[in-house]
Amino acid sequence: MANRRTGRAYSKAHVEKKRRTRGNTLRRVLFVLAVLAVVVAAVFFLVLRGGEGVSVGENAIGSVFSPVQNAFSSATKWVRDFFQGWRDYDDLQASYDALYMENQQLSLQVQSAEEAFAENERLRTLLDAQERYETLDPIYAKVIARDPGEWFDTFSVNRGTSDGVSEGMAVVTGDGLVGHVYEVGMNYAKVLTIIDSRSAVSCLVERTRDNGVMRGQITADSETAECYVYYVQNIANVVPGDTLITSGTDSLYPKGLTVGTVTAVSREADSSGRYVLCMPSADFQHIEEVLILRTVVETDDESLNPVPTATPVPTVAATPAPSDVLAQPQEDTGDVFLWPTATPAAGATEQPLYEELPEDVWATG
């Protein structure tokens, strides 16, 4: 008879299940024990803690859990700062944009205020000049166009025939003479300045009253607006610093307008090398507003009467006496040779041989 096995037979799955069950039970027991140990330790240290300081047990637990607490606190702070930073960044960006726009507006206001201040200074200078030139009927004009280049040698203003402007009128600023109008339209006028090479100004030295003619010498490469003054009579009396004014003898500019200041005097022996250098008073690099003097300079339009031409008197030659007339042979009519006589022959034309004058009546009487 075959031997029978006694006891229980366990399968592999059953054994594995029992093993997991024991492991879970062990973990639960260990967790409960750890919690109990923590609770007992906390109660123990709380009960045994003295009033004078931290107990040894509390200090030990604090030392164990302090790094964990610091790490958790740092992580929490980083997360909080991160989200707070994003929120603060949006607020800061909005504030920056608002401040930037405000700064731009303030900058524009400052520029506008500076421009207004500069314009006020220019207009104040022009107002003073307008009072000085009141008798010359000045009118205010703004520069609206100019030729390209560094210097204002020619430019246009916003006044024309509708404002009473005509060719030849003088143009000034608060500093001095600028030039004259050489072309005019209904609402514009073109100005040729005194520094242009086509310009000439009859001027005189205010101190010595010596006359001269100033000509512009400006070119694209010129560094200064200095002009040359020629034909100064007593050039030895002129010194740097003398003021030049218009003389009013060129039938173009009124007398007494400030032209410029003498900067140098050439006294070469050759007459062509004797000239005066003059720096114009007006700033020909910065002209924005001018005054046009509408008073026309008086000129002498009367011309001298022509000298009458003497009427030529005919010269009358003395009439010769009949006896002084040389005998001239006449036409031969045969054997008779005729000699001229004072009495015309019969049948001859009553035409005298010369013009009879009243004083010669005796010759034919």
Side-chain angles (χ1 to χ4, degrees), residues 111-112 114-203 213-228 246 248 250-254 257-260 278-297 299:
Q111 293 178 2
S112 178
E114 291 177 350
E115 180 65 22
F117 178 78
E119 183 178 7
N120 184 49
E121 290 296 321
R122 295 195 308 270
L123 293 179
R124 181 180 299 176
T125 303
L126 277 182
L127 181 61
D128 295 339
Q130 187 172 10
E131 294 177 354
R132 294 199 308 268
Y133 302 134
E134 189 65 32
T135 57
L136 299 177
D137 191 19
I139 182 174
Y140 170 80
K142 295 186 67 175
V143 177
I144 57 175
R146 54 165 295 192
D147 289 342
E150 181 180 0
W151 303 99
F152 279 78
D153 47 356
T154 57
F155 59 88
S156 301
V157 295
N158 63 341
R159 299 292 185 178
T161 55
S162 59
D163 303 294
V165 178
S166 61
E167 293 183 10
M169 289 183 174
V171 179
V172 299
T173 63
D175 298 323
L177 180 65
V178 171
H180 70 278
V181 176
Y182 73 94
E183 182 180 328
V184 62
M186 180 175 295
N187 57 359
Y188 76 93
K190 294 184 178 181
V191 179
L192 180 68
T193 62
I194 60 175
I195 65 173
D196 192 277
S197 58
R198 297 167 292 178
S199 179
V201 182
S202 179
C203 57
V213 176
M214 188 179 78
R215 294 189 178 277
Q217 303 288 334
I218 200 69
T219 63
D221 300 329
S222 298
E223 297 181 356
T224 65
E226 285 183 323
C227 301
Y228 288 77
T246 54
D250 52 8
S251 302
L252 184 61
Y253 299 107
L257 303 180
T258 302
V259 176
C278 172
M279 177 63 71
S281 299
D283 183 1
F284 287 95
Q285 288 181 315
H286 309 91
I287 298 179
E288 298 183 46
E289 299 93 6
V290 296
L291 293 176
I292 302 177
L293 307 182
R294 291 179 292 182
T295 298
V296 179
V297 179
T299 58

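Quick caveat, the model's predicted, so the values are computed rather than measured.
Scanning all heavy atoms of the two residues, the minimum distance from Cys227 to Gly216 falls at SG-CA, 4.0 Å. Closest of all the heavy-atom pairs between Val184 and Val165 is CG2-O, 3.6 Å.
Atom CZ of Arg198 is surrounded by 12 or fewer heavy atoms from other residues, nucleotides or ligands within 6.0 Å.
By the ring pair (Phe, Tyr, Trp, His ring centres under 6.0 Å) test, Tyr228 is found to be paired with Tyr275, residues two or more places apart in sequence or in another chain being considered. Considering only residues two or more places apart in sequence or on other chains, Gln285 meets the side-chain hydrogen bond (donor to acceptor under 3.5 Å, both in side chains) condition with Glu150.
A distance of 7.0 Å separates OG of Ser199 from CE of Met214, quoted to the nearest 0.5 Å. Atom SG of residue Cys278 and atom CD1 of residue Ile195 lie 12.0 Å apart, to the nearest 0.5 angstrom. Atoms CD and NZ, from Glu289 and Lys142 in turn, are 6.0 Å apart once rounded to the nearest 0.5 Å. Rounding to the nearest 0.5 angstrom, the gap separating the CG atom in Asp196 from the OG1 atom in Thr154 is 6.5 Å. To the nearest 0.5 angstrom, Ser197 atom OG is 10.0 Å from Arg215 atom CZ. If you take CG on Asp163 and OH on Tyr188, they are separated by 13.5 Å, rounding to the nearest 0.5 Å.
Using modelled atom types, one side-chain atom of Thr295 and one backbone atom of Leu136 make a donor-acceptor pair closer than 3.5 Å. With hydrogens and angles ignored, the 3.5 Å screen pairs a side-chain donor or acceptor of Asp250 with a backbone N or O of Ser202. The backbone N or O of Tyr140 lies less than 3.5 Å from a partner atom in the side chain of Arg159, making a donor-acceptor pair. Using a distance-only test at 3.5 Å, with no hydrogens or angles considered, no donor-acceptor pair links the side chain of Thr193 to the main chain of Val178. Proximity of a side-chain donor or acceptor of Trp151 to a complementary backbone N or O of Ser222 within less than 3.5 Å is detected. In terms of modelled atom types and a separation under 3.5 Å, the side chain of Asn158 and the main chain of Ala141 share no donor-acceptor contact. Formation of a donor-acceptor pair under 3.5 Å by the Thr173 side chain with backbone atoms of Ala282 is not found in this model. The backbone N or O of Lys190 lies less than 3.5 Å from no partner atom in the side chain of Ser156, so there is not a single donor-acceptor pair.
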